[in-house]
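I have placed the structure first, in the form of structure tokens, so that the comments after it can refer back to it.
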Amino acid sequence: MIKITFPDGSQKEFKKGISSLEIAEGISPRLAKEVYSATVNGELLDLARPVDVDATIKLHKWDDTEGKHAFWHSSSHLMAEALEALYPGIKFGIGPAIENGFYYDVDPGTSRVITETDLPVIENKMKELAATNHAFIREEISKKDAIELFTKKGDEYKTELISELQDGTITLYKSGSFTDLCRGPHLTSTEPIKAIKLTSVAGAYWRGDEKRKMMTRIYGITFPKQKMLDDYLVFLEEAKKRDHRRIGKELELFTFSQKVGMGLPLWLPKGSEVRQNLINFLTALLKKRGYKIVTTPHIGNVDLYKLSGHFEKYGKDSFQPISTPQEGEQFMLKPMNCPHHCEIYNATPHSYKELPVRMAEFGTVYRYEQSGELHGLTRVRSFTQDDAHHFCRPDQLRDEFKNIIDLILYVFKIMNFNDYTAQISLRDPDNKEKYIGSEENWEKAERDIIEAAGEKNLVTNVVRGEAAFYGPKLDFMVKDAIGRKWQLGTIQVDYNLPERFDLTYNGNDNQKHRPVMIHRTIFGSMERFVAVLIENTSGKFPLWLAPDKAVILPISDKFNDYAAKVLEILNNSDICTLIDDRSEKIGKKIRDNELKRIPYLLIIGEKEAESGTISVRKQGDGDKGVMKIEEFVNFIRSEIKNELAF
RNA sequence: GCCGAUGUAGCUCAGUUGGCCAGAGCAGCUGAUUUGUAAUCUGCAGGUCGGGGGUUCGAAUCCCUUCAUCGGCUCCA
């Protein structure tokens with residue numbers, strides 16, 4: 001007998017060699033039906049695997065990531081089986097489960113193209129195969145046999161993958177007529193897969209290398225119940241309505257022009273208002289926290305970027321240098337603000353007593369992003385960073401770092417961004433030559449970041465190989481409407497630029513010392529931040545950010561005079577207000593202005609004109625009753641104050 | 001940049017296998033109406049069917065090319 005310990009601490013004895021599935025059945029047959037994989041002694045396994053020793057076990061249902069992953073991973077094999085049936089000779093790359101569903105990278109062979117119109121056919125084949133309810137069978141295989149098997153099959157992608165695996169760790173999974181190289185775990189059978197939707201098809205380089213073959217990637221998602229798929233599709237439809245590109249157009253916030261150039265956003269008046277509100281908000285915050293605001297030009301001499309190292313690394317992929325009438329003189333559109341800020345630091349001598357120097361700028365930068373990569377306001381070629389650089393003594397680094405974390409979290413709280421993730425990006429330990437700076441400095445910087453985040457109780461995931469070339473960083477990501485993650489705030493330690501620009505301060509020993517530099521943004525860029533804000537609020541900005549706070553709706557033309565008077569009072573009280581004096585019925589005016597997401601609708605008719613009041617309706621929330629004009633002014637002011645108070 | 005898809009009025013979309021002057025709703029402008037909490041009615045105006053080239057008696061529709069957009073990949077200082 002073996003002893004099994006469950007997550008709640010309870011223990012039970014079972015026969016040696018029992019499977020997780022049988023254990024689940026022993027608890028309840030219903031549970032057994034809902035379980036998709038199990039973690040046994042820390043190892044994620046198929047339900048069918050026998051348990052031979054005393055173990056702690058956790059059974060994974062749909063609600064666990066592990067459960068979903070087994071479900072979707074098996075679905076991806078099911079799709080592969082369908083593809084093999086429909087496209088004989090098709091070759092397979094990798095087919096993992098992802099955050100929402102799964103994909104498989106395939107090579108249909110020359111002269112065969114899979115497009116979206118083919119997806120329903122593949123979907124139907126999958127349903128047909130799923131209905132036959134065949135099992136996923138695990139099999140261990142030697143490296144030699146595995147290579148032989150896939151060589152025979154003619155699948156060079158699989159043989160390439162196998163060649164990099166260690167002998168003795170290679171497993172195959174068979175389902176129906178399809179055999180795949182796979183680590184697992186998988187469902188016991190295709191039986192639970194009830195609802196199937198293939199969502200899109202896209203190109204993807206084999207192993208992410210743009211020099212290698214472009215595979216066809218087919219995305220799909222499956223569920224154990226049709227209702228869950230229907231709900232998911234409705235969610236996607238709803239999310240589309242929150243797309244910032246669509247709302248930006250609807251609410252006249254920003255636009256793009258082919259004549260101006262792709263990826264170069266044009267901020268319309270209302271969008272500019274939102275943007276300016278954000279800038280004013282953050283500027284006030286920065287001044288309180290000891291930042292000094294600076295301003296630098298949009299261009300810089302090429303030599304500046306040669307000195308900083310950016311030219312060597314990114315010069316080829318940037319907007320190309322601008323030549324001047326002067327022979328040999330070249331300027332670049334600035335792709336970042338740091339070199340300019342370094343030179344500002346260098347303009348005056350610094351004592352250890354005045355450090356840290358905190359230098360901030362809403363700096364517009366230009367980066368030549370690849371054309372296929374541009375996306376609304378989230379990925380553009382010109383954008384304004386809420387950039388800042390902290391120049392500090394090494395002993396101040398940790399505290400500076402923690403202060404910035406505080407600031408970012410404070411701003412996210414005001415913005416109601418609750419669903420963010422924090423990622424610590426470190427060097428790729430196997431590729432250290434990719435980075436500049438000394439080993440010693442890198443190690444210290446990485447340690448400082450990890451410890452500062454720890455001291456702030458920040459939940460982070462650590463990713464190796466994602467660091468900037470000059471230093472490690474801590475990034476804050478917020479999701480858009482359909483769950484794509486975008487990096488907003490970032491804090492980056494840099495021991496490199498201070499060396500290159502020979503930045504110094506006088507220590508208490510009257511010797512020159514090297515400051516540490518921290519790069520940081522909170523919004524990331526005004527463009528990306530506004531985009532994410534739009535998608536998170538579906539364009540219903542909080543009152544303090546809204547470009548127009550209220551709109552006056554006279555019930556008929558007879559009250560236009562009184563409406564004009566109210567308008568003047570409100571605008572004079574710094575409450576940006578519009579008037580809708582069209583000869584339309586009040587219902588129509590309400591509808592139109594509700595759709596414009598103006599926070600307050602002020603309805604004015606005979607009663608209001610006589611008593612000097614307004615009837616207040618809150619956007620999305622209906623009638624709020626009658627108020628004196630002064631009362632409303634104070635109400636709006638206190639609302640805004642509340643929104644910004646934490 | 002790469003793979004695939006898409007491009008018709010300011011916006012959202014119709015336009016059967018190529019065939020008479022390319023349609024609708026919303027928005028806009030007219031005029032009527034003077035309205036009490038999510039759509040009043042009338043009339044008008046709006047398009048070189050992304051651009052260029054070709055096939056054809058005839059192209060929004062077929063072919064080539066180019067530009068842009070969308071979904072991904074790669075990249076992201």
Side-chain angles (χ1 to χ4, degrees), chain A residues 103 105 113-119 199-219 240 243 245-246 249-250 252 255-259 261-263 305 308-315 317-318 334-339 365-376 378-380 385 387 466-471 473 475 482 484 486-487 490 492 494 496-497 519 528 553-560 581-595 601-608 615-625:
Chain A
Y103 68 78
D105 282 345
V113 179
I114 299 173
T115 70
E116 265 167 54
T117 51
D118 301 319
L119 296 184
T199 44
S200 68
V201 41
Y205 298 109
W206 171 233
R207 317 208 74 182
D209 184 344
E210 66 179 308
K211 291 188 185 62
R212 306 197 63 179
K213 192 171 166 62
M214 174 74 66
M215 315 275 289
T216 303
R217 177 170 296 181
I218 304 173
Y219 285 90
K240 260 191 212 160
D243 190 315
R245 292 166 296 187
R246 176 181 172 142
K249 201 180 271 181
E250 262 172 38
E252 298 176 4
T255 190
F256 290 89
S257 151
Q258 292 185 25
K259 293 196 183 74
M262 62 167 87
Y305 302 103
S308 72
H310 291 110
F311 185 80
E312 190 195 357
K313 187 134 180 112
Y314 298 105
D317 304 322
S318 292
K334 78 174 166 188
M336 75 291 298
N337 304 299
C338 355
V365 298
Y366 303 86
R367 297 180 185 177
Y368 190 78
E369 304 292 356
Q370 293 189 77
S371 60
E373 192 49 39
L374 300 172
H375 180 95
T378 48
R379 195 127 193 102
V380 287
Q385 293 179 311
D387 206 0
E466 286 285 303
F469 76 94
Y470 50 72
K473 58 184 183 169
D475 294 328
I482 60 170
R484 282 182 291 222
W486 295 97
Q487 181 206 305
T490 178
Q492 313 179 349
D494 186 352
N496 172 55
L497 283 186
H519 308 248
R528 184 175 288 182
L553 312 180
I555 282 180
S556 84
D557 297 353
K558 281 188 279 186
F559 312 109
N560 282 354
D581 55 8
R582 296 173 302 166
S583 303
E584 291 287 353
K585 286 169 71 170
I586 193 68
K588 167 81 163 166
K589 292 192 194 184
I590 287 170
R591 179 183 156 79
D592 287 353
N593 287 288
E594 282 274 346
L595 290 176
L601 313 188
L602 311 177
I603 291 140
I604 279 175
E606 195 172 353
K607 280 181 286 178
E608 290 79 6
S615 203
V616 178
R617 183 188 163 105
K618 189 170 180 180
Q619 200 274 342
D621 199 23
D623 198 349
K624 291 282 155 198

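The chains referred to below are lettered A, B, ... by the order of the sequence lines, with proteins before strands, and numbering in each begins at 1.
If you check every strand for non-hydrogen atoms under 4.0 Å, A:Tyr470 touches sugar and phosphate atoms only. Among the atoms of the strands shown, none is found under 4.0 Å from any heavy atom of A:Tyr103. Residue contacts for A:Arg245: at a heavy-atom cut-off of 4.0 Å it reaches the sugar-phosphate backbone alone, with no base atom in range. Base contact: A:Ser318 has a heavy atom under 4.0 Å from a base atom. Contact annotation for A:Lys240: no contact, since no heavy-atom pair falls under 4.0 Å across all strands.
Anti is the classification of B:rG52, since its glycosidic angle lies more than 90° from 0.
B:rA27 atom P lies 14 Å from atom CD of A:Glu250, rounded to whole Å. The NZ atom of A:Lys213 sits 19 Å away from the P atom of B:rC73 (whole-angstrom rounding). As a whole-Å value, the separation of A:Arg379 CZ from B:rU69 C1' is 18 Å. Between A:Leu374 atom CG and B:rC67 atom P there is a gap of 15 Å when expressed in whole angstrom units. In this structure, the CD atom of A:Glu210 is 12 Å from the P atom of B:rG1, given to the nearest Å.
With both ends at atom C1', the span from B:rC29 to B:rG1 equals 46 Å, rounded to whole Å. Of the P atoms belonging to B:rA39 and B:rG43, the separation is 22 Å, rounded to the nearest Å. Rounded to the nearest Å, the gap between the P atom of B:rA59 and that of B:rC20 is 11 Å. Comparing the same atom, P, in B:rC21 and in B:rC63 gives a spacing of 24 Å after rounding to whole Å. A gap of 25 Å separates the C1' atoms of B:rA24 and B:rA32, to the nearest Å. One P atom belongs to B:rU66, the other to B:rC3, and the distance between them is 12 Å to the nearest Å. Look at the P atom in both B:rU61 and B:rG52: the space between them is 12 Å, to the nearest Å. Rounded to the nearest Å, the gap between the C1' atom of B:rA22 and that of B:rU16 is 15 Å.
A:Arg212 forms no cation-pi arrangement with A:Tyr205, by the criterion of a distance under 6.0 Å to the ring centre and an angle within 45° of the ring axis.
Remark: A:Thr117 pairs with A:Thr115 by the side chain to side chain contact (heavy atoms under 4.5 Å, CB included) rule, at least two apart or across chains. For A:Asp387, there are no salt bridge (charged side-chain N to carboxylate O under 4.0 Å, His left out) partners at least two apart in sequence or on another chain. Listed by chain and number, the residues in a side chain to side chain donor-acceptor pair (under 3.5 Å) with A:Arg591 amount to none (sequence neighbours excluded). Every residue two or more places apart in sequence or in another chain was checked for a side chain to side chain donor-acceptor pair (under 3.5 Å) with A:Asn560, and none qualifies. With sequence neighbours excluded, no residue satisfies side chain to side chain donor-acceptor pair (under 3.5 Å) with A:Lys558. For A:Asp621, the side chain to side chain donor-acceptor pair (under 3.5 Å) partners two or more places apart in sequence, or in a different chain, are A:Lys624. Judged as a side chain to side chain contact (heavy atoms under 4.5 Å, CB included), and not counting sequence neighbours, the contacts of A:Arg367 are A:Pro335, A:Met336, A:Val365, A:Glu369, A:Phe383, A:Gln385. With sequence neighbours left out, the side chain to side chain contact (heavy atoms under 4.5 Å, CB included) criterion links A:Arg617 to A:Ile590, A:Glu594, A:Leu601, A:Ile603. Applying the ring pair (Phe, Tyr, Trp, His ring centres under 6.0 Å) criterion to A:Phe559, with sequence neighbours excluded, gives no partner residue.
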Hey, mind stepping through A:Asp243 and A:Arg245 against salt bridge (charged side-chain N to carboxylate O under 4.0 Å, His left out) and telling me if it holds? CA-CA 5 Å; A:Asp243 190 315; A:Arg245 292 166 296 187; 2.6 Å; yes
A:Asp592 vs A:Arg582, salt bridge (charged side-chain N to carboxylate O under 4.0 Å, His left out): CA-CA, chis, key distance, verdict: CA-CA 11 Å; A:Asp592 287 353; A:Arg582 296 173 302 166; 2.9 Å; yes
Go ahead and write out RNA chain B as dot-bracket, 5' to 3': ( ) for pairs within the strand, [ ] for ones crossing earlier pairs, | when the partner sits on another strand, dots for unpaired; Watson-Crick or G-U wobble, both distances under 3.5 Å. (((((((..((((.....[...)))).((.((.......)).)).....(((((..]....))))))))))))....
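Inter-residue side-chain proximity for A:Asp557 and A:Asp581 is flagged as unmet; no heavy-atom pair is nearer than 4.5 Å.
Between A:His375 and B:rG71, a side-chain N or O to OP1/OP2 separation shorter than 4.0 Å is present.
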Could you write nucleotides 2-14 of chain B as a row of B, S and -, 5' to 3', where a protein heavy atom under 4.0 Å of any base atom gives B, of only sugar-phosphate atoms gives S, and otherwise -? BBSS---------
Assign a letter to each nucleotide of nucleotides 28-45 of chain B from its 5' end: B, base within under 4.0 Å of a protein heavy atom; S, sugar-phosphate only; -, no contact. -----BBBBBBBB-----
